Amino acid sequence: MAKEVIWTPRALSSFDQVLNYLEEEWTEKEVSNFIELTGRIVKYISQNPKMFRKTNKNDVYEALVTPHNLLIYKVYPAKIYLVTFWDTRRNPKKKRFS
């Protein structure tokens with residue numbers, strides 16, 4: 001059974017930042033592809049939350065959406081919270097899940 005997925009304000013903000021970057025630097029096709037791919041990844045997460053790579057934090061996982069964007073999420077018994085989109089080119093030591 002699929003779990004409910006909740007977008008946190010931080011996840012929405014970071015998603016919008018990625019979209020803004022794509023709109024400025026790429027074409028409408030790349031924006032559309034990113035939105036579609038993100039939707040597919042969120043559906044996979046909802047259906048099988050532990051299919052992606054586990055982090056060193058309890059119940060926190062990361063799904064590679066594109067080579068430069070990770071979707072970080074936390075799994076709870078009844079729901080899944082999308083935490084943030086992370087640019088993989090950034091320093092991994094700055095990655096925070098709270």
Side-chain angles (χ1 to χ4, degrees):
M1 184 169 103
K3 290 187 178 187
E4 180 182 7
V5 175
I6 308 295
W7 285 73
T8 64
R10 184 174 173 189
L12 287 170
S13 175
S14 58
F15 181 71
D16 285 342
Q17 288 174 0
V18 173
L19 292 180
N20 289 337
Y21 169 77
L22 292 174
E23 288 170 348
E24 290 175 13
E25 302 294 328
W26 296 89
T27 67
E28 184 65 33
K29 182 178 179 183
E30 280 78 22
V31 174
S32 179
N33 287 344
F34 183 76
I35 292 169
E36 182 181 320
L37 186 54
T38 299
R40 234 180 302 149
I41 297 290
V42 170
K43 183 178 177 183
Y44 296 152
I45 290 169
S46 173
Q47 294 170 346
N48 188 0
K50 296 183 179 179
M51 77 181 287
F52 293 102
R53 182 174 54 206
K54 188 169 184 348
T55 68
N56 60 351
K57 303 287 185 184
N58 282 346
D59 300 316
V60 176
Y61 294 81
E62 49 190 33
L64 190 63
V65 179
T66 68
H68 297 297
N69 291 283
L70 284 175
L71 173 53
I72 299 171
Y73 62 98
K74 184 163 174 81
V75 178
Y76 290 93
K79 296 179 182 178
I80 298 164
Y81 286 85
L82 303 182
V83 177
T84 192
F85 283 82
W86 179 261
D87 186 334
T88 60
R89 296 167 289 187
R90 292 174 61 189
N91 184 343
K93 292 180 181 179
K94 293 182 179 181
K95 199 182 325 178
R96 291 195 177 93
F97 309 116
S98 56

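Given the structure is predicted, the values throughout are model-derived calculations rather than measurements. Positions are given from 1 along the sequence.
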query: What residues form a side chain to side chain contact (heavy atoms under 4.5 Å, CB included) with L19, not counting sequence neighbours?
result: F15, D16, V31, F34, I35
message: If the condition is side chain to side chain contact (heavy atoms under 4.5 Å, CB included), which residues does K3 pass it with, not counting sequence neighbours?
response: P49, V75, I80
message: Are there over 12 heavy-atom neighbours, none belonging to W7, within less than 6.0 Å of that residue's CH2?
response: yes
task: Report the distance from atom CD1 of I45 to atom OH of Y61, rounding to the nearest 0.5 Å.
output: 11.5 Å
- prompt: Would you find more than 12 non-hydrogen atoms of other residues, nucleotides or ligands less than 6.0 Å from K79 atom NZ?
  reply: no
- prompt: Are V60 and V83 side-chain neighbours, meaning at least one heavy-atom pair lies under 4.5 Å?
  reply: no
statement: Residues S14 and T84: closest non-hydrogen pair is OG-OG1, 3.2 Å
task: Group every Ile, Leu, Val, Met, Phe, Trp and Tyr by side-chain heavy-atom contacts under 4.5 Å, then state whether V5 and Y76 land in the same group.
output: no
- prompt: Among D59, L82, I6, which one satisfies side-chain contact (heavy atoms from CB on, under 4.5 Å) with K74?
  reply: D59
- prompt: Under 4.5 Å between any side-chain heavy atoms of V42 and Y73, yes or no?
  reply: no
task: Scan residues 27-38 for pairs that pass side-chain hydrogen bond (donor to acceptor under 3.5 Å, both in side chains), counting only residues two or more places apart or in two chains.
output: T27-E30, E36-R40
- prompt: Is the closest side-chain heavy-atom distance between E62 and W86 below 4.5 Å?
  reply: no
field: Expected output: side-chain K50 to main-chain R53 donor-acceptor under 3.5 Å
entry: no
task: Not counting sequence neighbours, which residues clear side chain to side chain contact (heavy atoms under 4.5 Å, CB included) with T8? List them please.
output: R10, A11, Y81
- request: Please determine which of L64, V65, T55 meets the side-chain contact (heavy atoms from CB on, under 4.5 Å) test together with L70.
  value: L64
